[in-house]
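As the structure is a prediction and not an experimental result, all values here were calculated from the model. Below, all heavy atoms of this structure are taken into account, side chains as well, without hydrogens, waters or symmetry copies. Throughout, a chain's letter reflects where its sequence line sits, starting with A, and its residues are numbered from 1.
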2 protein chains.
Amino acid sequence: MTTPVLDLAFAALSDPTRREIVQRLAKGAARVTDLVQPFDMSFNAVSKHVKVLERAGLVRRTRTGREHHIALDPEPIRRIAGWASRYERFWSDRLDKLEVFLKANRKRD
Amino acid sequence: MTTPVLDLAFAALSDPTRREIVQRLAKGAARVTDLVQPFDMSFNAVSKHVKVLERAGLVRRTRTGREHHIALDPEPIRRIAGWASRYERFWSDRLDKLEVFLKANRKRD
DNA sequence: CATATATTCAACCTGTAGGTTGAATATAGC
DNA sequence: GCTATATTCAACCTACAGGTTGAATATATG
């Protein structure tokens, strides 16, 4: 029941619509209404997506009157990058790839 | 219906069990049976998790007899890191954070 | 050959994800 | 004050996720 940061962040970003929203917000904050435009989907659907992003901490909301301004909070993305960087050592490191492969087959010798 | 690389990779990694499996595989390939050990869950459940990782391209399977050797393929993680790095500019860059915040409020002036 | 081991496949269950529609709520503007 | 705008809330639907159990399948081993 912990559903920690990475769980929520990864899950939120697994949806292409939400990644597109994040990308859009990188260019500056926007109202929910502004975010709807590029999508072939109801306002409510986008509103829900924003809520998911908010729950994951990827987005901050500030209310001014009836308008909600949605701003990117890149911290969870940073966490993801941190998590991923543990595997940098493996990326296209052909020696390491070979090693992993050999280790798999060595067991049978 | 495209369900491209990032969709599947992010979704696969949103589950803590699967991230743990990935971490385990970073130390070397393993059979499905070997992967079950740390988890309080049926063999079949773990087998399913492995299948999800495989479908996401995070894992490669080589059959030798009745044993399946599961090896990490870090390429999708690299893709995620690449995606995340677009936002490096924002990470704890307080000037940028301020800018985003101001842009949100400027609209109302 | 008979049995133990490694694995998937298939059916099932419960919960949640992503979408819809139809209110309800609150603020803005004439 | 009335109407338009920005937004959430609530109910609903369908599909899929993550787990279970019980076969089925294929390879090792005495």
For [X] and [N], what is the distance between atoms [atom1] and [atom2] respectively, to the nearest whole Å?
| X | N | atom1 | atom2 | result |
| --- | --- | --- | --- | --- |
| B:E67 | C:dA4 | CD | P | 18 Å |
| B:D15 | D:dA17 | CG | C1' | 9 Å |
| A:R66 | D:dA4 | CZ | P | 12 Å |
| A:M41 | C:dG18 | CE | P | 10 Å |
| A:R18 | C:dA17 | CZ | P | 8 Å |
| B:D40 | D:dG18 | CG | P | 17 Å |
| B:F10 | D:dA17 | CZ | P | 17 Å |
| B:F39 | D:dT20 | CZ | C1' | 17 Å |

(request) With sequence neighbours left out, write down each residue that passes side chain to side chain donor-acceptor pair (under 3.5 Å) with B:E20, or none if nothing qualifies. (result) none

(message) Closest approach to the side chain of B:H49, judged atom by atom: which nucleotide of C:dA6, D:dA6, D:dG18 is it?
(response) D:dG18

(message) I want to verify a distance call: between D:dA4, D:dT27, C:dT20, whose nearest atom is closest to the A:S42 side chain?
(response) C:dT20

(request) Determine, stepwise, if the pair A:I80 / B:Y87 fulfils side-chain contact (heavy atoms from CB on, under 4.5 Å). (result) CA-CA 11 Å; A:I80 283 180; B:Y87 301 93; over 6 Å; no

(request) Find the distance between CG (B:L58) and CG (B:L8) and round it off to the nearest 0.5 Å. (result) 9.0 Å

(message) Heavy-atom count check: over 12 atoms from other residues, nucleotides or ligands less than 6.0 Å from A:R79 CZ?
(response) no

(request) Quick one: closest heavy-atom pair of A:A56 and A:A12, and the distance? (result) CB-CB, 3.8 Å

(request) Considering non-hydrogen atoms only, spot the tightest contact between A:R66 and A:H68 and give its length. (result) O-CD2, 3.6 Å

Atom pairs under 3.5 Å, N or O on each side, protein against nucleotides 8-14 of chain C: can you list them with distances?
from, atom 1, to, atom 2, distance (Å)
C:dT8, OP1, B:R61, NH1, 2.1
C:dT8, OP1, B:R61, NH2, 3.3
C:dT8, OP2, B:S47, OG, 2.5
C:dT8, O4, B:N44, OD1, 3.2
C:dC9, N4, B:N44, ND2, 2.8

